[in-house]
Amino acid sequence: MARKIIVSNRLPVKIKRTENGMTFEPSEGGLATGLGSVYKEGDNIWIGWPGLYLEEESEEQQVITELQKESMQPVFLTETEIKEYYEGFSNETLWPTFHYFSQFAVYEQDYWEAYLRVNQKFCERIVKVANPDDTIWIHDYQLLLLPSLVRESLPDITIGFFQHIPFPSYEVFRMLPWRKQILQGLLGADLIGFHTYDDVRHFVSSVIHLVGLPASNGVIETGNRSVMVDAFPMGIDFDKYADTAHSEKVAEIEKTFEEALRYRKIVLSIDRLDYSKGIPQRLRAFELFLKQYPEFHEQVTLIMIVVPSRDQVEKYKELKVEVDELVGRINGLYRTLSWAPVQYYYHSFPFEELSAFYRMAHVALVTPMRDGMNLVCKEYLASRTDGTGVLILSEMAGAAKELSEAILINPNDVNQMVGALYQALTAPEDTQRVAIASMMATVQQYNIHHWVKLFMDRLAYTKEKQNELITTLLRGELRQKLISDYRQAQQRLIFLDYDGTLMPFTRDPNKTQPDEELLQLLQALAADSANRVVIISGRDHKTLAKWLGHLPIDMIAEHGVWLRKHETDWRMIQNLDNTWKEEIRPIFQTYVSRTPGTLLEEKDFALVWHYRKVDPVLGETRAGELSSHLNYLIANRNLQVMEGDKIVEIKNIEVNKGIAASRWLHEYQSDFVLAIGDDRTDEDTFKVMPQNAYTIKVGNIRSIAKYHMHSPQHVRELLQQLINGRNQA
Ligand code: GDG
């Protein structure tokens, strides 16, 4: 039975050592609740660090046994590993970079190496338990390399990845010394999820620029697989928050709190101590608010709950000092015998007390400088039992994309925050109700269960899609069969595309002359009198003649305009008109002059714009513009526009590789036909091939060809093998 395996840095469990041995308690975070419906079912499991260091060997078995009862499997980490991989690379390198605090990021090679080792350790654990038909869902920035590591061992397994923190703009991400390895690590997944569409854009743009892979509509083509990237805004366990807030017990806690606070208006903020949360900015805004609106003195209290976090790290220590000072200053300035403007707690509260705070707060003040999503604002909305309340929300939180009825603020704009506080504290009740009802409905509908289902369904769909139009890798027995059919054949016809098939791409298309190895290979292949070798290329015939004309091979140039059998000279497939070039050429020239690094290639019956050397995004944009411009001009004319691999080409419609290749198929009876090509134009060749032909796509698995190979190097190896007549796979 196919299982689901959840993987995250921490297991959803709290283990404590007591005098009577270890105790195990489930942790009740939102993710644990949401995924509970997944990992507790059937044989599904959750893999992660159990949160404690082993002190004796005997502990290991005990932890494993206890966790197994709860469908969990531990990855044990040492103190040094946690220090370097978790506190170090994850929290001092990735966290600041991904939250746009690159100036705080530490670039430490040892941290990176530990990060890699721990990701490998997680991978080993997964590989021990996973079957090829299982689905793996990996979570968050501590495990960015894991998707590719797992993919290496289990090539066909389904892998989903979700990142809970933002993905920064390419301009920020590129600063990381290990940026490319990180992207390649992630691309091992089939589906990559972020909270918002901005994160998706940033990630895709980083992949295009740094890895150089093509992407469109949220699909990245890696060559072997298509990786889907999409936004899945995470929700909360709405019912749990709503039910708790409605409970008798919480109503009583609220009453006690309200009495203690003398029924003042409450502004509430809750977050972990972190520079990404905008805590000092919030305090400064509150201070200015008290200064500008003295009528609110004694009337309003800011309850600020800050959960201690990472307090061994220097930056966090500094932040703690700053917050302490600001709170001290505000209270020192404004407090009275019976009123403290800021009630600051540097500890966490039990769940029901938290719920009581949400219930009693007139205003929730959520002001992160950056936040992947921010669940606190959603929890506040779910807890509004009487339907009133106001949410002030930073537009830098992922949640702002969904909660547009909140008062949205820029946390760097102190005056705007002061205005928002005033607006919130004076908002009429019916205005409050309308906004809260609408946002509450959103939070209720897009809850955590909805999120889990959405991700899982999308992952299954991605895998299904991947399996469509998929060619098989030519290896093992299939390859042996090809070789033995080749050997037994009396007459063979071999169609070989040139660029991307026999030669790897270069940045300058004029620099792809054949090397000595290739020339010898073609020479040897053609030397066998049973072989008719046809180079079938988009290149102009003069170039092909110059590079390959001395060989006893046939050639089809310009996608089928010019044909040459090696016994005869070049001739045109039919009489074609090329007067259209005069009109179209200036358009191409405009694009060359507007876009440095691009060039115009002129063939007898085609014009080609090459943009391999320019910024990939700019190139794609201009290519899109150019082709729609051309498509508009060619309506009802015998011309065709094609977007290929970093090219836009216009040519006569009567011409394609398939039409040309058919001539050879009709003229030369053969009992073995092989066609190899890598780009869209080669699909035309594949289409006309007989049923029993071997058709091979290079570098991409999506094709109407029967098989695929990874690179020109692999193609050469196959041809070499055919020549040698050796039957090895
Ligand atoms: C990451 C991303 C993204 C806080 N104080 C107490 C307490 N909490 C709970 C809250 C809430 C959680 O902690 C904080 O969640 P956030 O979403 O605000 O932030 P991160 O932990 O940084 O989470 C974030 C999230 O992942 C999910 O993808 O939204 O952007 O940074 O649930 O209620 N809980 C209790 N007592 C407290 O005093 N019991």
Side-chain angles (χ1 to χ4, degrees), residues 8-10 12 14 25-35 90-91 94-101 137-143 161-168 193-196 198-199 231-238 240-241 244-245 250 253 257 268-279 303-310 316 343-359 361 364-383 391 393-403 443 446-448 451-452 455:
S8 67
N9 171 53
R10 271 300 303 271
K14 282 184 256 173
E25 252 180 70
S27 57
E28 76 263 296
L31 193 62
T33 320
L35 295 175
S90 301
N91 288 342
L94 295 177
W95 179 275
T97 306
F98 283 31
H99 285 87
Y100 294 78
F101 284 90
W137 189 3
I138 301 167
H139 288 264
D140 228 359
Y141 65 103
Q142 300 89 355
L143 301 173
F161 179 90
F162 187 81
Q163 177 158 308
H164 292 260
I165 65 173
F167 196 94
F194 297 98
H195 284 302
T196 70
D198 284 341
D199 301 318
F232 300 89
M234 185 172 158
I236 59 164
D237 185 356
F238 182 89
K240 181 174 147 194
Y241 282 89
T244 310
V250 169
I253 302 175
F257 284 0
L268 176 69
S269 80
I270 302 180
D271 15 43
R272 245 175 351 86
L273 180 76
D274 198 287
Y275 45 78
S276 67
K277 300 289 183 182
I279 303 173
I303 295 187
M304 196 170 82
I305 299 172
V306 177
V307 181
S309 145
R310 306 176 194 171
Y316 289 75
Q343 293 249 357
Y344 165 44
Y345 303 93
Y346 186 59
H347 60 79
S348 61
F349 284 84
F351 184 63
E352 277 156 336
E353 293 185 14
L354 194 75
S355 174
F357 281 123
Y358 282 140
R359 236 183 96 124
L365 184 56
V366 183
T367 63
M369 310 306 286
R370 281 290 158 180
D371 218 334
M373 171 52 64
N374 191 290
L375 300 179
V376 166
C377 57
K378 295 190 171 181
E379 294 166 7
Y380 172 69
L381 292 165
S383 311
L391 172 63
L393 178 59
S394 161
E395 62 189 51
M396 314 294 173
K401 300 275 185 284
E402 294 160 83
L403 305 176
V443 176
Y446 298 95
N447 60 38
I448 184 78
W451 177 76
V452 170
F455 189 92

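Order of appearance sets the numbers: ligands from 1, and atoms from 1 within every ligand.
Exactly one residue among Asp371, Asn374, Asp271 makes a side chain to side chain donor-acceptor pair (under 3.5 Å) with Lys277. That residue is Asp371.
For ligand 1, the polar-atom distance check finds an N/O of His164 within less than 3.5 Å of one of the ligand's N/O atoms. For a threshold of 3.5 Å applied to N or O pairs, the pair formed by Met373 and ligand 1 contains at least one separation below that value. Geometrically, ligand 1 and Ser348 share no nitrogen or oxygen pair separated by less than 3.5 Å. Geometrically, ligand 1 and Trp95 share no nitrogen or oxygen pair separated by less than 3.5 Å.
Using cut-offs of 30° and 60° on the angle between ring planes, the pair Tyr344 and Tyr346 is tilted. Ring planes of Tyr358 and Tyr241: perpendicular class, angle over 60° (limits at 30 and 60°). Ring geometry for Phe162 against Phe232 counts as perpendicular: the plane angle is over 60°, on a 0 to 90° scale with 30° as the lower cut.
Contacts between His347 and ligand 1, counted as non-hydrogen atom pairs separated by less than 4.0 Å, are absent for every part of the residue. With a heavy-atom cut-off of 4.0 Å, Met234 touches ligand 1 through its side chain alone. Looking at Val307 against ligand 1, only its side chain comes within 4.0 Å, counting heavy atoms.
At least one heavy atom of His195 sits less than 4.0 Å from an atom of ligand 1. Remark: distances from the non-hydrogen atoms of Lys277 to ligand 1 include one below 4.0 Å.
Close contacts of ligand 1 with Gly372, meaning ligand atoms under 4.0 Å from a residue heavy atom, involve 30 (O). Close contacts between ligand 1 and Asp371 involve ligand atoms 24 (C), 30 (O), 31 (O) [criterion: under 4.0 Å to a heavy atom]. Less than 4.0 angstrom separates some heavy atom of Ile270 from each of these atoms of ligand 1: 4 (C), 5 (N).
Between Pro233 and Met373 there is a side-chain heavy-atom pair separated by less than 4.5 Å.
For Tyr446 and Trp451, the distance between ring centers is not under 6.0 angstrom.
Looking at residues two or more places apart in sequence or on another chain, you find a ring pair (Phe, Tyr, Trp, His ring centres under 6.0 Å) between Phe101 and Phe104, Tyr275.
Counting heavy atoms only, Phe349 comes closest to atom 38 (O) of ligand 1 of the residues Tyr241, Phe349, Phe357. Residue nearest to atom 8 (N) of ligand 1, selected from Asp237, Ile448, Leu354: Leu354 (by heavy-atom distance).
Under the 6.0 Å distance and 45° angle rule, Arg370 does not count as a cation-pi partner of Trp95.
For the pair Lys378 and Glu402, the salt-bridge criterion is met [side-chain N within less than 4.0 Å of a carboxylate O].
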